Amino acid sequence: MSVLVFVEAANGKIKKAGFEGVTYAKNTADQLSNSVTAIVFGNADAAEVSSLGEYGATKVLHAKGDVFNNLDAGAFTSAVAAAVEKENADVIIFPFDNSGKAIAPRLSAKLKAGLVSGALSYPTTSGGFKVKKNVFSGKAIAEVEITTAKKIIAFTPNSVGAHKASGSASVEDFAPSVNASKIKLLEVKKQEGDIPLPEAELVVSAGRGMKGPENWAPVEELAKVLGAATACSRPVADAHWRPHHEHVGQTGIAIRPNLYIAIGISGAIQHLAGVNQSKVIVVINNDAEAPFFKAADYGVLGDAFQIVPKLVEAVKKFKASQN
Amino acid sequence: MNILVCISQVPDTTSKIAFTDGNTKFDTNGVQYIVNPSDEWYALVRALELKEGGGGIVTIITVGNADVDPVIRKALAIGADDAVRINSDAKDSYYVAAQIAEYAKTKSFDLIITGNQTIDFNNAEVGGMIAELIGWDYITPCNKLEVNGNVCKIESEVAGSTRVLEAPTPLVISAAKGMAEARIPNMRGIMAARTKPITVVEPAAVSPQVKINVFELPPAKAGVKMIDPENMDELVKLLHTEAKVI
């Protein structure tokens with residue numbers, strides 16, 4: 001028996017969620033006295049791929065084939081299903097990101113394997129296989145029990161973290177037979193900004209309090225000095241002050257960074273639904289009644305146009321002192 | 001083009017979330033229900049736009065007991081032609097997907113559209129499961145959808161990039177922000193919805209795969225610590241030494 005974990009690489013590097021996935025799989029496998037096999041999709045060399053061994057994988061299947069270039073969830077599902085059979089896996093781990101959302105439900109239906117999406121912590125496996133997950137947009141947590149023989153967990157990225165274990169992994173190429181895809185990938189348009197928002201550990205976000213798109217420079221400056229991604233509230237995206245992909249909230253994307261700095265955002269319940277899983281929230285607002293302060297760890301009451309440049313200077317000073 | 005739009009009834013965003021029976025059941029007392037936002041705003045409205053542009057029929061489907069009929073009427077008022085209700089509790093995502101797949105197999109839909117995620121259980125599972133069960137391709141998330149004959153051109157925004165994809169129908173897609181703008185039903189739509197048919201179908205025998213044992217509320221925040229706006233060095237210091245996030 002083994003625990004299989006889905007891992008992606010891009011531009012020669014294992015994605016961050018991949019190391020966390022192996023950590024998640026290792027904990028689960030230890031509970032079940034099983035070993036961890038990782039199936040890796042995407043371009044990375046053998047040294048990079050074998051580094052998954054340091055996190056607890058004993059075997060890595062590196063999936064190869066042009067069929068995966070079209071990002072067809074059906075092709076990935078067939079390949080993972082073939083790896084499940086080859087490795088006699090009874091638990092399969094995905095990150096709950098775009099790839100996990102595309103593939104894990106298909107695999108669940110294909111293998112008749114119960115799926116828990118958005119796991120917050122490791123499963124417990126004595127007295128039933130149980131996993132905790134967010135429900136009601138973070139306003140509650142549910143303990144979900146998987147009642148099928150095979151089980152799939154899609155964990156929330158940045159929930160358990162990546163932790164090194166001792167060990168090494170054997171790497172082998174894996175070329176499962178997969179039907180040709182009917183989906184064609186025509187183009188990939190790179191979004192602006194260096195750090196993709198869903199993966200960002202630090203996020204600087206701003207709202208209507210900035211008064212207009214021409215005032216975003218201090219926000220971007222703060223993000224730059226922190227090494228953070230930028231985000232925004234819904235009204236700002238709807239008014240086209242900022243691109244839609246920056247919109248966090250109930251109808252935008254939900255994120256879980258270590259630090260979320262909200263500037264000039266009042267904190268409507270729909271916005272909080274997308275960010276309330278952040279580990280630490282800093283709110284900068286000139287309205288003492290802004291509901292966001294109730295959800296914040298640190299608050300600064302005052303004019304963002306005065307405060308943010310001061311914060312930028314303070315961060316610069318701090319960064320200089322760290323070098 | 002015949003489009004099946006999957007909708008789900010969810011508690012209104014502002015509902016108080018509480019539980020009964022030893023935290024095993026959601027407390028429905030005083031809860032207002034709505035159509036799940038991405039099902040309504042993006043999936044349904046884009047389906048209606050496609051119908052208005054090129055003809056066809058938009059059918060909505062949901063799995064639920066008679067108490068979800070008001071939410072079905074709302075979707076009909078926005079403009080869906082007809083509705084199907086699978087007469088059962090929504091036991092889990094697999095159960096729901098299997099019921100919808102069973103129904104879809106008996107008809108000839110070109111597109112099945114779900115919202116990308118419900119705001120109650122936050123699973124994002126049903127669309128992919130339907131696709132697998134009926135053997136169609138599946139694309140998620142869809143932020144833009146154009147249809148030309150039987151070819152769908154889709155923009156999918158994922159971490160750091162937008163993918164432009166082309167896929168033939170039949171297809172299952174999950175609709176996300178950008179696909180369409182929310183519509184408010186007008187009086188004519190509301191009147192018309194009263195007489196539109198809701199077909200009630202008895203459920204197929206399907207075993208659920210997961211069950212919720214118990215709910216809990218997240219730990220309360222300790223309370224906000226206010227920082228002097230003149231002293232941003234203090235904030236940075238706290239983020240480093242106390243919160244340990246930078």
Side-chain angles (χ1 to χ4, degrees), chain A residues 71-74 98 101-102 105-106 108-110 114-118 134-137 139-148 182-191 196 198-199 244-245 250-252 258-259 269-270 279-280 293 295-302 307 310-311 314-315 318, chain B residues 11 13-14 17 37-38 41 93-94 97 119-129 131-133 137-141 143 157-168 177-178 209-218 221 224-227 229 232-233 235-236 238-240 243 245-246:
Chain A
L71 306 170
D72 173 358
N98 279 302
K101 286 175 189 175
R106 286 203 80 130
S108 169
K110 188 181 181 79
L115 166 64
V116 176
S117 292
N134 271 320
V135 289
F136 300 106
S137 306
K139 285 189 274 187
I141 295 163
E143 182 196 89
V144 186
E145 182 171 351
I146 305 179
T147 52
T148 50
K182 285 180 284 180
I183 297 175
K184 273 190 260 174
L185 179 65
L186 302 179
E187 190 189 353
V188 178
K189 295 189 239 176
K190 190 108 178 76
Q191 285 164 3
E199 294 172 12
H244 275 306
H245 63 79
Q250 186 161 68
T251 51
N258 292 338
L259 174 62
I269 196 156
Q270 291 85 351
K279 290 194 178 129
V280 174
F293 281 121
D297 299 280
Y298 302 101
V300 187
L301 180 63
I307 293 167
K310 284 187 186 134
L311 183 53
V315 172
F318 165 74
Chain B
T13 313
T14 54
I17 302 300
S38 59
W41 301 353
S93 296
Y94 178 75
I119 64 169
D120 53 0
F121 295 108
N122 314 141
N123 284 327
E125 293 170 352
V126 169
M129 289 176 172
E132 187 65 30
L133 291 169
D137 281 326
Y138 175 54
I139 296 180
T140 181
N143 305 89
E157 292 180 14
V158 300
S161 63
T162 300
R163 300 161 172 178
V164 184
L165 302 155
E166 208 173 71
K177 193 172 176 70
Q209 299 182 335
V210 300
K211 58 175 184 179
I212 292 180
N213 287 337
V214 67
F215 293 97
E216 60 188 90
L217 295 173
K221 281 263 179 188
V224 59
K225 189 180 274 189
M226 296 305 291
I227 314 288
M232 287 300 97
D233 289 333
L235 177 58
V236 171
L238 288 169
L239 291 176
H240 180 61
V245 290
I246 61 171

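Computation of the quantities below employed the complete heavy-atom set of this structure, encompassing side-chain atoms and omitting hydrogens, waters and symmetry-equivalent molecules. Not measured: the values here are computed from a predicted model.
Contacts with chain A were tallied for B:Ile17, B:Asn143, B:Leu239; B:Ile17 has the most, counting heavy-atom pairs under 4.5 Å. Looking only at heavy-atom pairs under 4.5 Å with chain A, the residue among B:His240, B:Gln209, B:Arg163, B:Met129 that has the most is B:Gln209. Ranked by heavy-atom pairs under 4.5 Å with chain B, the first of A:Gly252, A:Gly118, A:Ala296, A:Ala295 is A:Ala296. Contacts with chain A were tallied for B:Leu238, B:Ile246, B:Asp137, B:Thr140; B:Asp137 has the most, counting heavy-atom pairs under 4.5 Å. For the set A:Leu185, A:Asn134, A:Thr148, the count of heavy-atom pairs under 4.5 angstrom toward chain B peaks at A:Leu185. Top candidate by heavy-atom pairs under 4.5 Å with chain A, chosen from B:Pro37, B:Ala131, B:Ser38, is B:Ala131. The most heavy-atom pairs under 4.5 Å with chain A, out of B:Leu133, B:Thr162, B:Val158, come from B:Thr162. Put simply, of A:Arg106, A:Glu143, A:Lys189, the one with the most heavy-atom pairs under 4.5 Å next to chain B is A:Arg106. Options A:Val144, A:Ile146, A:Val188, A:Leu186 differ in how many heavy-atom pairs under 4.5 Å they form with chain B, and the most are formed by A:Leu186. Contacts with chain B were tallied for A:Leu259, A:Leu115, A:Asp72; A:Leu115 has the most, counting heavy-atom pairs under 4.5 Å. By number of non-hydrogen pairs under 4.5 angstrom with chain B, the leading residue of A:Leu71, A:Val315, A:Val116 is A:Leu71.
Nearest heavy atoms, B:Asn122 versus A:Phe136: OD1-N, 3.3 Å. In terms of heavy-atom proximity, A:Asn258 sits nearest to B:Val245 at O-CG1, 3.4 Å. Across every non-hydrogen atom of B:Met232 and A:Leu311, the tightest pair is CG-N, 3.6 Å. For the pair A:Ser137 and B:Ile119, the tightest heavy-atom approach, listed with the atom from each and the gap, is OG-O, 3.5 Å. Annotation for A:Lys182 and B:Pro168: closest pair O-CD, 3.3 Å, computed over non-hydrogen atoms. In terms of heavy atoms, B:Tyr138 sits closest to A:Ala102 at CD2-O, 3.8 Å.
With a 4.5 angstrom heavy-atom cutoff, B:Leu235 touches chain A only via side-chain atoms. Contact of A:Lys279 with chain B is made through the backbone alone, with heavy-atom distances under 4.5 Å.
Remark: B:Ala167 engages A:Ile183, B:Ile139, B:Leu171 in a side chain to side chain contact (heavy atoms under 4.5 Å, CB included) (not counting sequence neighbours).
We find the CG-NZ distance between B:Leu165 and A:Lys184 to be 11.5 Å, quoted to the nearest 0.5 Å. A:Gln250 contributes atom CD, which lies 11.5 Å from atom NZ of B:Lys177 (distance to the nearest 0.5 angstrom).
With no hydrogens or angles considered, no side-chain donor-acceptor pair links B:Glu125 and A:Ser108 at under 3.5 Å.
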